[in-house]
Amino acid sequence: MIDLQNVTKSYGLRVIFEGLTWTVVEGARVGLVGPNGAGKSTLLRVLAGVEDTQGGQVVRRRGLRAAYLPQHVPGTPQSPVQMLLSSRPDLASLDEELTACEAQLGSPDAIADLTRMERLLAQQERLMHRIEELGGSGLEGEARVRLRSLGIAEEDMTRPMVELSGGQRKLVAMASCLAQRPDVLLLDEPETHLDLPHREHLEALIRSFSGSVIVVSHDRYLLDETVSEIVELAEGTLSFWPGNYSAYAVARELALQRQEELYQSQQKEIAHLEEAIARFKLWAAQVVNERHIKQARVKQRQIDRMDKVERPVLERRKMALRLQSAVRGGQKVAELTDVTVAFDDEPVLLGVDLTVLRGERVGVIGANGTGKSVLGRLLTGRLVPVDGRLWAGPSIRIGYFSQTHETLPLGSTPIDLIRNARPVRENEAVTILMRFLFRYDQVRQPIETLSGGERSRLQLLLLMLGGANCLVLDEPTNHLDIDSVEVLESALERFDGTIVVISHDRYFLDRIADRIVEVNDGSLRLFEGGYSAWREQKEGAVRP
């Protein structure tokens with residue numbers, strides 16, 4: 001369907017990838033993974049034809065329709081319905097032809113010329129038939145049905161896109177992609193801003209799509225549920241792995257271990273041959289003997305002819321996150337008793353009760369807008385309830401991770417924040433930041449210039465330096481690549497304090513949470529276990 005042959009892409013002097021070759025076959029279900037900055041989004045745009053290359057060939061099957069979902073969907077004056085209608089330029093072109101044809105039918109020249117009139121009527125019939133074939137006659141109705149099926153409310157279908165939330169814009173863009181009736185779907189982090197119900201719906205859409213799908217995603221659960229091949233982009237090269245993400249993770253680990261064994265074995269053989277070469281050269285120097293010289297040459301040729309095994313990178317460079325509380329804290333961390341929170345007389349949480357004990361790992365879930373972040377801000381003391389009682393233990397020190405990064409002053413620099421959090425020399429602060437994958441030139445740049453992933457890593461670094469014994473984390477995995485999420489998971493598993501985490505990342509919740517709090521309709525429901533246990537209990541409750 002799409003064939004890349006020796007493709008090179010660069011921005012100025014920075015080469016993203018060089019000599020890249022990849023064939024996308026019909027019916028492919030591919031998860032494109034790799035560290036942040038590896039060029040996944042760039043590669044997706046090259047496949048979509050929206051980005052040029054500096055070398056090689058990009059060949060597409062004749063008549064191929066590819067729909068591209070960008071990572072960030074901008075807010076525009078268009079409404080969702082208008083956006084879906086504009087996603088079919090083929091129909092718009094036919095509609096223009098039909099309008100022109102109808103205008104000619106009413107002209108005096110056509111009325112006076114019977115032959116021309118017959119020709120125009122035949123053209124009109126052909127255009128109408130083609131529009132009908134492409135589904136144009138019911139396009140607006142189809143657009144509304146598609147939007148409704150993705151959870152867009154009727155009143156939001158005619159609102160400007162700029163007024164919609166990030167999650168709603170992503171859903172509208174997905175509907176727009178599907179409206180194009182593509183052969184290939186190219187999806188760049190489609191799960192961003194989506195809550196659990198919409199992520200599950202997204203998975204169902206991808207599974208039911210009849211064409212090929214290439215998806216860049218940090219949601220390991222989504223990759224497990226929807227793809228049958230993983231393509232890894234790292235250091236400008238592609239590697240291909242059959243199976244879903246979990247199969248890839250295991251196979252990659254085994255392959256790296258095998259490569260390490262082969263590398264070590266080959267290095268021993270090379271060392272043995274080099275010792276023999278040195279010995280023959282020594283003998284040849286002591287006693288002039290052509291046979292010793294020839295034997296040394298033979299051994300050297302053996303080394304030169306070897307297919308060298310590259311030393312495997314067993315572990316990519318990762319942020320050095322270590323979370324530890326400075327003080328132990330009391331047995332009871334926080335307690336909400338009959339708490340109500342409202343904004344402009346609109347209740348968000350209504351008479352809720354919750355007790356959090358030391359050492360608990362609480363996962364907070366629920367649809368967007370139900371009040372999960374409100375609950376998190378309540379526990380940190382950033383919100384005051386309009387009614388009820390909020391109690392926090394006197395020895396509890398809370399560290400807060402905001403999904404909007406509001407805790408980071410945009411005008412400050414990373415090095416300023418580190419030195420404010422811990423009195424260290426400038427060179428020590430630089431070293432600490434570089435252990436969290438910041439480049440030397442970034443440490444003195446304003447925070448507003450940092451990407452979402454870089455701001456998330458900076459927040460995590462400040463949490464590490466803070467020594468809190470209770471962490472309240474609001475969507476901490478947003479913007480992080482999978483390697484960084486796995487580092488965060490490992491750090492949280494070793495953390496000796498209490499964790500309350502708001503997340504839509506199901507894989508993450510299964511690994512971290514031992515209790516689930518579901519926020520819905522202003523109330524809280526408690527479930528023991530992680531995401532999978534919660535889902536089993538919910539499904540069991542609705543079974544007849």
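Starting from 1, each residue takes its place in the sequence as its number. The figures here come from the full heavy-atom set of this structure, side chains too, leaving out hydrogens, waters and symmetry mates.
In this structure, Arg515 contributes its side chain and Leu526 its backbone to no donor-acceptor pair below 3.5 Å. With hydrogens and angles disregarded, no donor-acceptor distance shorter than 3.5 Å links the side chain of Ser176 to the backbone of Val172. Judged by distance alone, with hydrogens and angles left aside, the side-chain atoms of Ser490 form a donor-acceptor pair with the main-chain N or O of Glu486 at under 3.5 Å. No donor-acceptor pair under 3.5 Å is formed between the side chain of Asn469 and the backbone N or O of Ser325. In this structure, the side chain of Lys9 does not engage the main chain of Ile16 through any donor-acceptor pair within 3.5 Å. Of the possible polar contacts, one joining the Ser212 side chain to the Ala28 backbone as a donor-acceptor pair under 3.5 Å is found.
For the pair Leu462/Ile418, a side-chain contact is recorded, criterion being any heavy-atom separation below 4.5 Å from C-beta on.
The pair Glu200-Lys538 does not meet the salt-bridge criterion, since no charged nitrogen lies less than 4.0 angstrom from a carboxylate oxygen. With respect to the salt-bridge test (charged N to carboxylate O, under 4.0 angstrom), the residues Asp496 and Arg328 do not qualify.
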side-chain hydrogen bond (donor to acceptor under 3.5 Å, both in side chains), that's the test. Do His193 and Asn368 meet it? Break it down for me.
CA-CA 9 Å; His193 306 300; Asn368 285 340; over 6 Å; no
Report the C-alpha distance between Val215 and Leu222 in whole Å, list the side-chain angles of each, state the deciding distance to 0.1 Å, and finish with yes or no for side-chain contact (heavy atoms from CB on, under 4.5 Å).
CA-CA 10 Å; Val215 56; Leu222 182 144; 4.3 Å; yes
Show, in sequence, the C-alpha distance, side-chain angles and deciding distance for Glu335 and Thr355, and conclude whether the side-chain hydrogen bond (donor to acceptor under 3.5 Å, both in side chains) test is met.
CA-CA 4 Å; Glu335 187 172 54; Thr355 302; 3.3 Å; yes
Given side-chain hydrogen bond (donor to acceptor under 3.5 Å, both in side chains), test Ser402 with Asp474 step by step and report yes or no.
CA-CA 5 Å; Ser402 166; Asp474 192 355; 5.8 Å; no
Carefully, step by step, assess Lys40 and Glu189 under the rule side-chain contact (heavy atoms from CB on, under 4.5 Å).
CA-CA 10 Å; Lys40 302 185 297 295; Glu189 296 190 24; 5.8 Å; no
Is there a side-chain hydrogen bond (donor to acceptor under 3.5 Å, both in side chains) between Gln264 and Glu260 once you walk through the steps?
CA-CA 6 Å; Gln264 294 296 345; Glu260 174 69 9; 2.8 Å; yes
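Dense packing is recorded around CZ of Phe343, with more than 12 heavy atoms of other residues, nucleotides or ligands lying under 6.0 Å away. Residue Arg207 places its CZ atom among more than 12 non-hydrogen atoms of other residues, nucleotides or ligands, all under 6.0 Å distant. Dense packing is recorded around CG of Asp441, with more than 12 heavy atoms of other residues, nucleotides or ligands lying under 6.0 Å away. Few gaps surround CZ on Arg494; more than 12 heavy atoms of other groups in view lie less than 6.0 Å from it.
Each of Leu238, Thr8, Thr237, Thr42 was compared with Phe17 under the side chain to side chain contact (heavy atoms under 4.5 Å, CB included) criterion, and only Thr42 meets it.
Summarising the geometry of Ala234 relative to Pro35, their closest heavy-atom pair is CB-CD, 4.4 Å, with the distance given to 0.1 Å. The minimum heavy-atom distance linking Thr477 with Leu488 is given by the pair CG2-CD2, 4.4 Å.
In the model, Gln71 has no side-chain atom that pairs as donor or acceptor with a side-chain atom of Thr192 under 3.5 Å. No side-chain donor from either of Arg511 and Tyr507 sits under 3.5 Å from a side-chain acceptor of the other.
Counting only residues at least two apart or on different chains, no salt bridge (charged side-chain N to carboxylate O under 4.0 Å, His left out) pair has a member in residues 445-465.
The aromatic rings of Phe401 and His405 sit perpendicular, their planes meeting at an angle over 60°, well past the 30° parallel limit.
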Solution key, residues 374-385 side-chain donor-acceptor pairs under 3.5 Å, sequence neighbours excluded:
{"residue": "Arg377", "atom": "NH1", "partner": "Glu406", "partner atom": "OE2", "Å": "2.7"}
{"residue": "Thr380", "atom": "OG1", "partner": "Arg377", "partner atom": "O", "Å": "2.8"}
{"residue": "Thr380", "atom": "OG1", "partner": "Arg382", "partner atom": "N", "Å": "3.4"}

